Number of protein chains: 2
Amino acid sequence: MPAVAKPSPAANARGRRATRASGDDRERAILETAEQLLEERPLSEISVDDLAKGAGISRPTFYFYFPSKDAVVLTIIDRLVAAAAGSREQALKTLAAGDPRAGLRQGLEDLYSAFSSRRAVTLAAAELRMTNPEARALWAEVMEGWVADVALVIEAERARGAAPPGEPARDLAIALVQMNERVQYATFADESPSLEQDRVLDVLVEIWLRAIYGTAEPN
Amino acid sequence: MPAVAKPSPAANARGRRATRASGDDRERAILETAEQLLEERPLSEISVDDLAKGAGISRPTFYFYFPSKDAVVLTIIDRLVAAAAGSREQALKTLAAGDPRAGLRQGLEDLYSAFSSRRAVTLAAAELRMTNPEARALWAEVMEGWVADVALVIEAERARGAAPPGEPARDLAIALVQMNERVQYATFADESPSLEQDRVLDVLVEIWLRAIYGTAEPN
DNA sequence: AACTTTATCAACACTGTGTCGAGTAAGTCA
DNA sequence: TGACTTACTCGACACAGTGTTGATAAAGTT
């Protein structure tokens, strides 16, 4: 027989066990507690004990379900990311079908709403990214996905003559996607200079359209 | 006589005392240690003990000089910010004088180099901003300064007919300045999708110029 | 030489993390 | 049904890090 096999049902990602017994409820309770507490205060001000208490268990028992506080948040972020990936698929389809400009606006809109509907989690993701390599990698994957898509769209628009040439499509895409991330974060966090919720889309769309389709003619 | 006066020479900002004795060297040693360690690892992996050891003192003695690790970094950031403010002044002058487009590129260039020359500190600032309100406020001030300047420039260019109308100048300025922050951070941190050092300026300048001077004509 | 200011650190109290090992309760099957 | 396994629980511990206290020493001041 093979050396080791760890025949547990489903050694799930992020190092969290895969229960099937009543402990399943506990796991859910921990995740719900985390989401709820994140609405109230930043991740750095939430302790493992807070999560355990919120789920009605002791701190050591928490570690039966998750290897760390970070793992809990990572699990939550996973879900957000999956939802957002859905938005991206959708946006790409819209874009491929009709008018790219309308599609682009639609895409940015979907994206914005995907994250604004989970404001607290989005902010926690940004916080975790600072200290946790796994969170960084996960986010990088997400960003890479969008950048690749956007670069394709820009290239297609240039190919059919709708967009003027300019800096490499991928580079443009990186800057635009990162702009969206930052602008949206600032708005969610209600930072000092930040756009009002209802202005975000108009402004981003104008910049995207001008950056992709516009030229800055001399004088 | 007035109730209390705290006649200490200069009750300096950020809660750090104003020494004049030999302890002045220690203070500098702590700051230098911090900058040096930040080149090696993120702020979250540097402890007060590391700073004390690096400065050749014990941990309690550290607290004689600074009230916390954060205060040390805040002091360092203060300097970076002051230098960057100088860049901004300079950029504004260049902009007011000659061709706004050339001035704009010059401004973005100065800004970029101000931060890239202190990469480690810039990254630490971003990290600290996540958990420390003072760092947040300081950064907000910096951003506000640039946004205000950029908004003025955009309005001036629109007024003299060089730039087309569009979204409110301030909103545009916020998005553009935040884009720069994010793109530069990603490059400094060598994030997964990020621009190469030598591509950052070209890409940012193109987007700025198009966003300010370009129009996205139909089709 | 008495007195103040500056500087130093051992020892402590506290908060938070993660682990160990002893337990219980419920299910499996011989 | 009783021995055995698996899922689950938590008290007690060991650690790492923060910030404070109080005693002390070394300069500088009058």
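None of the values given here were measured: they were computed from a predicted structure. In the text below, chain A, chain B and the rest are named by the order of the sequence lines, each starting its count at 1.
dT9(D) atom P lies 16 Å from atom CG of Asp49(A), rounded to whole Å. Here dT6(C) presents its C1' atom at 14 Å from CG of Asp25(B), a figure rounded to the nearest Å. The nearest whole Å value for the distance from the OH atom in Tyr65(B) to the C1' atom in dT6(C) is 8 Å. Here the C1' atom of nucleotide dG11(D) and the CZ atom of Phe62(A) are 18 Å apart, to the nearest Å. Between Phe66(A) atom CZ and dT19(C) atom C1' the separation is 19 Å, expressed in whole Å. The interatomic distance linking Ile46(A) (CD1) with dG16(C) (P) rounds to 12 Å, in whole Å. When rounded to the nearest whole Å, the span between CD of Glu45(B) and P of dA16(D) equals 15 Å. If you measure from atom CD1 of Ile57(A) to atom P of dC10(D), you get 7 Å, rounded to the nearest angstrom.
For the pair Thr61(B) and dC9(C), the criterion of a side-chain N or O lying under 4.0 Å from OP1 or OP2 is met. Considering only side-chain N and O atoms, Ser58(A) lies under 4.0 angstrom from the phosphate OP1 or OP2 of dC10(D). Contact check, Ser47(A) against dG16(C): no side-chain N or O comes under 4.0 Å of OP1 or OP2. Of the side-chain N and O atoms in Tyr63(B), none sit less than 4.0 angstrom from OP1 or OP2 of dT8(C).
Among the nucleotides dG18(C), dC10(D), dT9(D), the one closest to the side chain of Pro60(A) is dC10(D). In the set dT18(D), dC9(C), dT9(D), dT18(D) carries the atom at the smallest distance from any side-chain atom of Val48(B).
Going from atom OG of Ser192(B) over to atom CZ of Arg136(A) covers 11.0 Å, rounded to the nearest 0.5 Å.
Exactly one residue among Lys69(A), Arg59(A), Arg41(A) makes a salt bridge (Lys or Arg N to Asp or Glu O under 4.0 Å) with Asp50(A). That residue is Arg41(A).
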- Task: Using the side chain to side chain donor-acceptor pair (under 3.5 Å) rule, take Thr75(B) and Asp78(B) through it: C-alpha gap first, then chi angles, then the decisive distance, then the call.
- Result: CA-CA 5 Å; Thr75(B) 301; Asp78(B) 262 340; 5.5 Å; no
- Message: Using the rule given for side-chain contact (heavy atoms from CB on, under 4.5 Å), can you reason through Val205(A) versus Leu104(A), listing the C-alpha separation, both sets of side-chain angles and the distance that settles it, and then say yes or no?
- Response: CA-CA 8 Å; Val205(A) 168; Leu104(A) 210 142; 5.7 Å; no
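Under 3.5 Å, the side chain of Arg59(B) and the base of dG19(D) form at least one donor-acceptor pair of N or O atoms.
Glu167(A) places no side-chain N or O within donor-acceptor distance of the main-chain N or O of Arg199(B), the cut-off being under 3.5 Å.
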